[in-house]
Amino acid sequence: MFNRRVSKTHPRVETCGAVDELNAALGMARASLGNAQTKSNLEQIQRELVGLMGEVATLPEDFVRYLKDGYPAVTAQMTQQLEGLVKEIEAQNLSFKGWATPGANLASAALDVARTICRRAERRVCELQEKGEIKNEQILIYLNRLSDLLWLMARKAESSGLESK
């Protein structure tokens with residue numbers, strides 16, 4: 001962003017690629033779901049990921065300009081919205097034992113793929129934070145809570161709460 005050039009193999013580019021892949025996987029999951037509310041929630045998350053990717057693409061020295069130009073930053077409120085969705089699903093007292101094996105149905109499998117990509121994006125963000133290349137700690141927290149939410153959504157889809165189309 002802001003006419004800065006880095007190698008295609010730079011960790012920042014890899015991180016943006018992981019978030020982009022996550023967004024595409026969420027689109028696949030959304031397309032496989034029949035539950036309108038869950039589809040709407042995933043679409044909102046996809047919009048937030050576009051902003052998250054822009055923030056990740058921005059070097060720390062350009063971050064003030066990024067915000068000044070009107071681009072969004074990941075906030076604690078965004079993470080709280082994810083936590084609210086987690087609590088809604090947890091309140092349904094779904095029953096699952098042991099490790100989940102992805103693939104019970106198309107929707108749950110798509111959500112599990114998105115979850116694993118989310119975990120990879122989280123690891124990539126962690127790497128950039130450790131190097132001081134990302135300052136906003138909310139990005140890592142957001143991705144962590146998103147992967148938890150996706151795990152719960154997949155288990156709910158398995159138990160028929162978010163049936164495939």
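When reading the values below, keep in mind they use all heavy atoms of this one structure, side chains included, and skip hydrogens, waters and symmetry mates.
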Fill in the blank from the handout: Nearest heavy-atom contact between Ser108 and Ala154 is CB-O, 3.3 Å
Exercise for the section: Taking all heavy atoms of Ala57 and all of Arg12, pick out the closest pair and write down the distance. Expected result: O-CD, 3.6 Å
Exercise for the section: Give, for atom OG1 of Thr116 and atom CG of Leu150, the distance between the pair rounded to the nearest 0.5 Å. Expected result: 9.5 Å
Fill in the blank from the handout: Of all heavy-atom pairs linking Met78 and Ala73, the shortest is SD-O, 3.8 Å
Completion exercise
Closest non-hydrogen atoms of Tyr142 and Leu49, given as atom of the first, atom of the second and distance, are CE2-CD2, 4.1 Å
Exercise for the section: In plain terms, say whether Glu21 and Arg120 are close enough for a salt bridge, that is, a side-chain N and a carboxylate O under 4.0 Å apart. Expected result: yes
Practice task
Check Gly132 against Pro60 and note the closest heavy-atom contact, atom names and distance.
Solution key: O-CG, 3.8 Å
Exercise for the section: Compare all side-chain heavy atoms of Ile141 with those of Gln138 and state whether any distance is below 4.5 angstrom. Expected result: yes
Exercise for the section: Indicate yes or no: at least one non-hydrogen side-chain atom of Leu42 is less than 4.5 angstrom from one of Met153. Expected result: yes
Exercise for the section: State, without any angle test, whether Ser147 and Arg115 hold a side-chain donor-acceptor pair at a distance under 3.5 Å. Expected result: no
Handout entry: Heavy-atom side-chain contact between Val86 and Trp151 under 4.5 Å
Key = no
Exercise for the section: Indicate yes or no: does Glu158 engage Arg155 in a salt bridge with an N to O separation below 4.0 Å. Expected result: yes
Handout entry: salt_bridge(Glu127, Lys131) N-O dist < 4.0 Å
Key = yes
Problem - Thr38 versus Asn41, side-chain donor and acceptor atoms under 3.5 Å - result: no
Exercise for the section: Measure the shortest side-chain to side-chain distance between Arg145 and Gln80 over non-hydrogen atoms and say whether it is less than 4.5 angstrom. Expected result: no
Problem - Greater than 12 external heavy atoms within 6.0 Å of Glu61's CD - result: yes
Handout entry: No-hydrogen, no-angle side-chain donor-acceptor test under 3.5 Å, Gln92 and Glu88
Key = no
Problem - Asn136-Glu55 side chain donor-acceptor pair, cut-off 3.5 Å - result: yes
Exercise for the section: May I ask you to check whether over 12 heavy atoms, not counting those of Glu137, lie within 6.0 Å of atom CD? Expected result: no
Fill in the blank from the handout: On a heavy-atom basis, the closest approach of Val13 and Ser7 is CG2-O, 3.4 Å
Handout entry: Check: Leu143 and Leu52 side chains under 4.5 Å, non-hydrogen atoms
Key = yes
